[in-house]
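Notes follow once the structure below has been shown.
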Amino acid sequence: MAKVETPWGGRFQEAPDALMEHFNASIGFDRRLLEVDIAGSKAYAKALHRADLLDAAELAEIEGGLEAVLQEFSAPDCPLPDALEDIHMAVEKRLTELIGPVGGKLHTGRSRNDQVNLDERLYLRVSIEALQGRIRQLQGVLLASAEQHEAVVLPGYTHMQQAQPVLFAHYALSLFWMLERDCGRLADTWRRADYMPLGSGALAGSTFAIDRTFLARELGFSQVTPNSIDAVSDRDFLLETLASLSIIMMHLSRFCEDLIVWSSAEFGFVELSDHFSTGSSMMPQKKNPDSLELVRGKTGRVYGSLVALLTTMKAVPLTYSKDMQEDKEPLFDALETVDICLEVFAGAWQSMQVRGEQMEKKVDSMALATDLADYLVHQGMPFRDAHRVIGNLVAGALANKRALTDLSLAELQAHSEQFGEDALALLDVRCSLSLRNIEGGTGPQAVAEQLQKARRILASP
Ligand code: ARG
């Protein structure tokens, strides 16, 4: 008889120190894997049956027992003390309490090393699908916003300096395409995670004739892992996910930054709704864009998760070491953080007021300078020369406090004889936009086509 009451207690004389028990336990956070752990075990029991390691009655008992454990442990107030160590041990222990020694057959040929790896893949599949749904939802908000404000003109910036006018819809859709890549990155990650690891055992495979292809099919994987050492060592799919999540947050944070600046009195381009703002405890007049600031701030937290796991995995000797138990908290935290950030950001965007008039009013006439240079190029002047001519023209206008749009033909011609009457028509924001109907450009025609593309993406399943 084992003197120590743990499933691995046989070779031990003494129980772990209470401190060690607490330190070692992952049940506090890996209980989230309950559902996938049970799903994995149900499939594994079927594979054991196919390998004649369980008879039909035993299989039925185990399946029923696993279902009972699932129901019991799913209750949020179900106590799962540290002594249970982790979700895998907890399920097996309870199963055996419920159905007796036959429960002890379930772990035949299996190790927690391949089990936890399977659970994480299964958990990831569900999480990725949920996140893609959230991304689609935000893309829908952006598309609707672009449609609603299709004609609104916005000063476009580079280096945070006014550069060229763009359509607000074009700006909103820029995030749509970033999110489209984010969705694709998550799908790619899944492609590389889509390998069934059971049968790898602790590291060397199993002596039992487990039909791995059957298991892959049962659990919805397209193939099986080709190397048991690699399989139980692999956390690449979590790292890739965290990298993808970090990129999503990087994207959101940049738009947060713009919108926060734009919501200031100095810009006044947008006004966040009361629903997604908060006030100051001291200054009664304040309305702060906390929703966006928090999304921006939580970006650091998600990057932290990526760096934490990369650092944990660095130099972990093959195959499994307990270091790898540290993979779960950063993963869960990052998944949860990105999920709520996508939702909050969508809410803040959807409910904000877009002040189109104010945006257009703030377009600096100097933002049309490139169009004048391009005009001279059309007259045959090399672009470098045209750039210099218009540079001089801008310098003169600035010195005389003149807007580019107020210049007369004679004033233009003082810089180049090549300016004709038609050049004056260029000194208009909408004209500037309409010159950029190149595919992917900010011209109204091009943006209308872009809207079409975006609609088609959201309409496809
Ligand atoms: N709780 C462990 C983890 O999350 C499960 C795997 C334990 N494997 C082992 N050989 N001790 O990593």
Side-chain angles (χ1 to χ4, degrees), residues 2 4-12 15-17 19-41 44 66 69 73 80-96 104 106-127 193 196-207 219 225 227-239 241-242 305 308-336:
V4 178
E5 282 308 311
T6 64
W8 38 257
R11 60 101 68 218
F12 282 73
D17 192 280
L19 178 63
M20 177 55 192
E21 189 173 271
H22 173 65
F23 187 60
N24 186 48
S26 55
I27 186 83
F29 46 87
D30 67 15
R31 58 184 299 167
R32 284 175 199 240
L33 298 175
L34 172 67
E35 271 182 50
V36 290
D37 194 74
I38 298 272
S41 284
Y44 194 65
L66 286 169
V69 175
F73 283 7
L80 295 174
D82 282 347
L84 292 172
E85 195 173 333
D86 60 26
I87 191 64
H88 325 293
M89 293 294 210
V91 169
E92 190 183 319
K93 180 163 188 282
R94 188 66 187 130
L95 176 71
T96 310
L106 175 60
H107 211 52
T108 309
R110 189 174 66 170
S111 157
R112 280 183 292 161
N113 296 356
D114 55 356
Q115 188 178 2
V116 73
N117 191 286
L118 170 76
D119 289 6
E120 290 181 322
R121 290 174 202 251
L122 290 174
Y123 190 85
L124 196 60
R125 183 168 67 199
V126 178
S127 305
M196 202 292 301
L198 289 183
S200 301
L203 80 163
S206 164
T207 58
L219 292 165
T225 51
N227 178 310
S228 59
I229 290 180
D230 174 38
V232 298
S233 306
D234 185 14
R235 294 294 182 274
D236 294 2
F237 49 93
L238 301 185
L239 289 167
T241 302
L242 289 170
S305 293
L309 186 56
L310 277 171
T311 311
T312 293
M313 293 306 296
K314 173 184 176 292
V316 173
L318 267 61
T319 52
Y320 176 90
S321 296
K322 200 59 171 261
D323 314 41
M324 288 156 71
Q325 179 165 285
E326 289 293 307
D327 61 355
K328 283 166 214 61
E329 286 161 292
L331 174 74
F332 296 152
D333 187 75
L335 284 169
E336 233 173 58

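For ligands, and for the atoms within them, numbers begin at 1 and follow the listed sequence. Please read all numbers here as calculations on a predicted model, not as lab measurements.
- To the nearest 0.5 angstrom, T225 atom OG1 is 9.0 Å from D234 atom CG.
- Looking only at heavy atoms of the protein, atom 11 (N) of ligand 1 is closest to R112 NH2, 3.5 Å.
- Using a 4.0 Å cut-off between charged side-chain N and carboxylate O, E92 and R110 make no salt bridge.
- Atom OH of Y123 and atom CZ of R32 lie 5.0 Å apart (nearest 0.5 Å).
- Side-chain polar atoms of Q325 and S26 form a donor-acceptor pair below 3.5 angstrom.
- Partner of L34 under the side chain to side chain contact (heavy atoms under 4.5 Å, CB included) criterion, chosen from V91, D119, L80: V91.
- Which parts of ligand 1 touch Q325 is read off a 4.0 Å heavy-atom cut-off, strictly below it: atoms 1 (N), 2 (C), 3 (C), 4 (O), 12 (O).
- Within 6.0 Å of NZ in K322 there are more than 12 heavy atoms belonging to other residues, nucleotides or ligands.
- Remark: ligand 1 atoms within the under-4.0 Å shell around heavy atoms of K328 are 3 (C), 4 (O), 12 (O).
- The closest protein non-hydrogen atom to atom 10 (N) of ligand 1 is N113 OD1, 2.9 Å.
- The single protein non-hydrogen atom nearest to atom 12 (O) of ligand 1 is Y320 OH, 2.4 Å, given as residue, atom name and distance.
- Counting atoms of ligand 1 from 1 in the listed order, those under 4.0 Å from a heavy atom of D86 are 1 (N), 2 (C), 5 (C).
- Note: no N/O pair closer than 3.5 Å links K322 and ligand 1 by distance alone.
- Contact atoms of ligand 1 toward S26: 1 (N) (distance under 4.0 Å to a heavy atom of the residue).
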